Amino acid sequence: MHPDLSADLCARLREAFLNAGYTADGVVDALGPQAHSALGRGEPEPARRASRDAGSLGTLIRLFLLGDQEPEQDVRKALAGVDIDDAVTNEILTADKNAGDFKAGLDVRPYEDNWWVIADLDSDLRGGAVPEDHVLGVGHASISLARATKRTPVGTLLDLGTGCGVQALHASTHAERITATDLSERALRLAQGTFRINGLDVETLQGEWFGPVRNRRFDQVVCNPPFVVGPPRVDYVYRDSGLGGDDASALVIRQLPAFLNEGGVGQLLASWVHRRGEDWEERVSSWLPRGGIDAWFVQRDIAEPALYVGTWLKDAGVDPRSPEGQRKAAAWLDWFEQNQVDGVGFGYVTLRRTDEMHSQVVCEDLRHAYDDPLGPEAARWLDNVAWLRANPDLLSQRFRVADTVLLEEVSEPSEEGWRKVVARLHRTDGPGWQHEVDEATAKLVAGCTGALSLEDLLALLEFAYGEIDAEAALPIVRDLIRHGMLIPA
């Protein structure tokens with residue numbers, strides 16, 4: 001049996017949470033910055049101490065965020081108005097009848113702008129490995145995808161593989177109608193609870209991949225698929241597809257464009273193998289249908305097999321030193337070796353359906369650290385690609401350098417003083433793009449003040465410094481435009 005989180009139960013929970021101040025801001029205020037940071041690091045004791053004088057809010061913090069067992073009278077007070085028997089029946093709480101205490105049965109936690117997310121307890125709060133049908137809560141991957149998603153207003157949005165509903169929550173800020181699908185009945189039950197407790201009207205459909213929305217199209221599709229790379233098996237439905245290698249990512253990327261309206265955008269997390277003798281860019285590009293799709297593959301990380309396997313075992317609460325952990329690790333690493341996999345790439349994919357003849361496919365690394373969310377950059381990238389397609393004659397255009405772009409030069413000591421080793425353009429906002437440039441390119445960019453066309457500027461530089469190769473300059477200019485470093489004046 002799976003929980004049935006009714007509209008009435010969720011409404012009463014919401015009211016109790018608001019009355020107690022059990023919101024994202026309320027938790028931070030109650031714990032203080034140090035204890036809250038410790039809790040984020042998996043260190044509960046500072047939060048436990050800080051919550052002692054927080055009344056009903058403290059009870060809810062210890063119950064749902066720390067996994068503590070709380071006295072019945074305190075739980076009933078904190079959840080005033082909630083039918084406690086209903087909450088126990090539907091797994092929100094578990095009762096210790098001998099002690100008369102309650103513990104959390106589900107992970108119900110505040111998230112972002114006065115939202116709450118309902119998911120299964122993680123391995124730490126469970127005290128052991130999670131079951132196969134585990135529904136993952138708010139995690140690094142879901143937050144990363146949310147930060148990488150463009151938020152331009154749309155009419156219809158599909159959250160494919162919604163899990164506990166995090167992406168659909170974020171979609172509610174810019175989409176008029178949301179459809180959320182999942183293969184897992186348990187995931188959909190918990191996602192429905194997430195939507196109801198937040199007062200959202202979301203269409204939920206159960207089924208595999210795009211099956212539930214066959215013959216439908218959307219303005220936007222977001223997807224956090226079961227992208228873990230390895231043998232074709234399902235240990236945990238939230239991460240394993242049953243397809244071998246990176247076939248799950250390939251399947252979504254191949255099929256997604258058919259479910260987009262003209263101009264519609266799809267965004268997803270994905271993984272791809274780095275196989276000996278194979279270019280990862282060619283691999284992922286081969287997954288796309290021929291023509292009609294602008295695609296941007298951004299590789300954020302590459303993990304070597306041993307690190308990859310160990311990370312995912314621990315993620316599920318499996319000790320790599322245990323007999324089970326050793327058995328799973330051996331089979332996983334054997335599969336990597338048999339398939340000549342040297343590493344696993346991970347990143348973001350943005351797709352746009354277009355009827356234009358010349359679509360754009362770009363694969364690039366973005367493995368350095370940055371703070372700004374990638375969503376606005378994805379929207380900018382799509383706009384810049386559209387501008388380049390509409391303005392093929394770059395020589396007649398005038399450009400200016402973005403205000404956030406700097407020219408950085410690195411020099412090393414030599415017998416004649418300092419010798420320049422490298423010069424690079426660095427955009428200091430967004431994802432912090434960097435381009436190494438030669439002296440001619442640096443002069444060209446410096447001249448982009450909006451006063452002269454690119455053709456006139458090249459002619460002026462040629463007159464002042466000698467021969468300038470305009471054909472060689474154009475690809476560089478296109479890259480700088482795509483990355484928002486040169487802006488049409």
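Note that this is a predicted model, so its numbers are computed, not measured. Just so you know, residue 1 is the first one in the sequence shown, and it goes up from there.
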- Sole candidate of Val135, Leu121, Val138 that passes side chain to side chain contact (heavy atoms under 4.5 Å, CB included) when paired with Asp107: Leu121

- Let me see the working for Arg233 and Asp240 under side-chain contact (heavy atoms from CB on, under 4.5 Å), right down to the final yes or no. CA-CA 7 Å; Arg233 69 186 189 206; Asp240 303 320; 5.6 Å; no

- Please say whether more than 12 non-hydrogen atoms of neighbouring residues, nucleotides or ligands are located less than 6.0 Å from NE2 in His368. yes

- Could you grab the distance from atom OG1 of Thr149 to atom CD of Gln167, nearest 0.5 Å is fine? 5.5 Å

- Please confirm whether the backbone N or O of Asp124 pairs with a side-chain atom of Asp122, one donor and one acceptor, at under 3.5 Å? yes

- Distance, nearest 0.5 Å, that separates CZ of Phe218 from OG1 of Thr156: 6.5 Å

- CZ of Arg41: more than 12 outside heavy atoms within 6.0 angstrom? yes

- Note on the structure: One should read off an interatomic distance between Ser123 OG and Lys314 NZ, to the nearest 0.5 angstrom, of 12.0 Å

- Message: Under a plain distance cut-off of 3.5 Å, with no hydrogens placed, do Gln360 and Asp294 share a side-chain donor-acceptor pair?
- Response: no

- Could Asp479 and Arg482 be called an ion pair, given the rule that one side-chain N must be under 4.0 Å from one carboxylate O? yes

- Query: Does Arg352 make a cation-pi contact with Trp296 (under 6.0 Å, within 45 degrees of the axis)?
  - Reply: no

- Just wondering, do Leu444 and Val477 contact through their side chains at under 4.5 Å, heavy atoms? yes

- Which atom of Ser142 lies closest to which atom of Val166, heavy atoms considered: CB-CG1, 4.2 Å

- Message: Side chains of Leu388 and Leu394, heavy atoms from C-beta outward: is any pair under 4.5 Å?
- Response: yes

- Heavy-atom closest pair, residues Asp246 and Val273: OD2-N, 2.9 Å

- Message: By the definition side chain to side chain donor-acceptor pair (under 3.5 Å), identify the one residue from Glu377, Glu364, Arg427 that meets it with His483.
- Response: Glu364

- Shortest non-hydrogen pair, Phe259 vs Arg216, comes out as CD2-O, 3.3 Å

- Query: When rounded to the nearest 0.5 angstrom, what distance separates OH in Tyr238 from OG in Ser184?
  - Reply: 13.0 Å

- Which pair of heavy atoms, one from Gly266 and one from Leu256, lies closest together, and at what distance? CA-CD2, 3.8 Å

- Message: Taking the side chain as everything from C-beta on, heavy atoms only, tell me whether Asp159 gets closer than 4.5 Å to Thr179.
- Response: no

- Task: Count the heavy atoms belonging to other residues, nucleotides or ligands that lie under 6.0 Å from CG of Asn215, then report whether that count exceeds 12.
- Result: no

- Message: Check whether Arg189 reaches the backbone of His2 with its side chain - one donor and one acceptor, N or O, closer than 3.5 Å.
- Response: yes

- Candidate pair Trp387 and Ile487, rule side-chain contact (heavy atoms from CB on, under 4.5 Å), full reasoning: CA-CA 10 Å; Trp387 187 91; Ile487 302 172; over 6 Å; no

- Message: Donor-acceptor pair, distance only, cut-off 3.5 Å: does the side chain of Arg424 make one with the backbone of Glu436?
- Response: no

- Message: Taking the basic N atoms (NZ, or NE/NH1/NH2) and the acidic carboxylate oxygens, is any pair closer than 4.0 Å for Arg186 and Glu91?
- Response: yes

- Is any side-chain heavy atom of Trp115 closer than 4.5 Å to a side-chain heavy atom of Thr194? no

- Task: Under the side chain to side chain donor-acceptor pair (under 3.5 Å) rule, what do Gln220 and His174 come out as? Steps first, then yes or no, please.
- Result: CA-CA 11 Å; Gln220 189 171 6; His174 74 284; 2.8 Å; yes

- Less than 4.5 Å apart, any side-chain heavy atom of Leu268 and any of Ile253? yes

- Query: Any side-chain heavy-atom pair from Phe399 and Pro488 closer than 4.5 angstrom?
  - Reply: yes

- Query: Below 4.5 Å, heavy atoms only, C-beta onward: do Leu169 and Tyr111 meet side chain to side chain?
  - Reply: yes

- If we only count heavy atoms from C-beta on, is the Phe297 to Arg283 side-chain gap below 4.5 Å? no

- Task: Dump the intermediate steps for side-chain contact (heavy atoms from CB on, under 4.5 Å) on Gln192 and Leu5, then the final yes or no.
- Result: CA-CA 7 Å; Gln192 287 165 352; Leu5 304 174; over 6 Å; no

- Note on the structure: Minimal heavy-atom distance between Ser285 and Cys363, with the atoms involved, is OG-SG, 3.6 Å

- Item | Full working for side-chain contact (heavy atoms from CB on, under 4.5 Å) between Leu474 and Leu395 | CA-CA 8 Å; Leu474 291 179; Leu395 291 176; 4.1 Å; yes

- Message: I'd like to know if the side chain of Trp209 and the backbone of Gly161 have a donor-acceptor N/O pair within less than 3.5 Å.
- Response: no

- Note on the structure: Ala148 and Ala378 have their tightest heavy-atom pair at O-CB, 4.1 Å

- Message: So does Gly105 get a backbone contact from the side chain of Thr94, meaning a donor-acceptor N/O pair under 3.5 Å?
- Response: no

With a cut-off of 3.5 Å and sequence neighbours excluded, list every side-chain donor-acceptor pair involving residues 19-33.
from	atom 1	to	atom 2	distance (Å)
Asn19	ND2	Glu15	O	3.2
Tyr22	OH	Val108	O	2.8
Thr23	OG1	Gly26	N	3.0

- Query: Backbone N or O of Ala489 within a donor-acceptor pair of the Arg400 side chain at under 3.5 Å?
  - Reply: no

- Working to the nearest 0.5 Å, report the span between CZ of Arg367 and CZ of Arg300. 10.0 Å

- Query: Distance from Leu145 atom CG to Cys223 atom SG, nearest 0.5 Å?
  - Reply: 8.0 Å

- Are any side-chain N or O atoms of Asp219 and backbone N or O atoms of Gly155, one a donor and one an acceptor, separated by less than 3.5 Å? yes

- Heavy atoms of other groups near Arg12 CZ, more than 12 under 6.0 Å: no

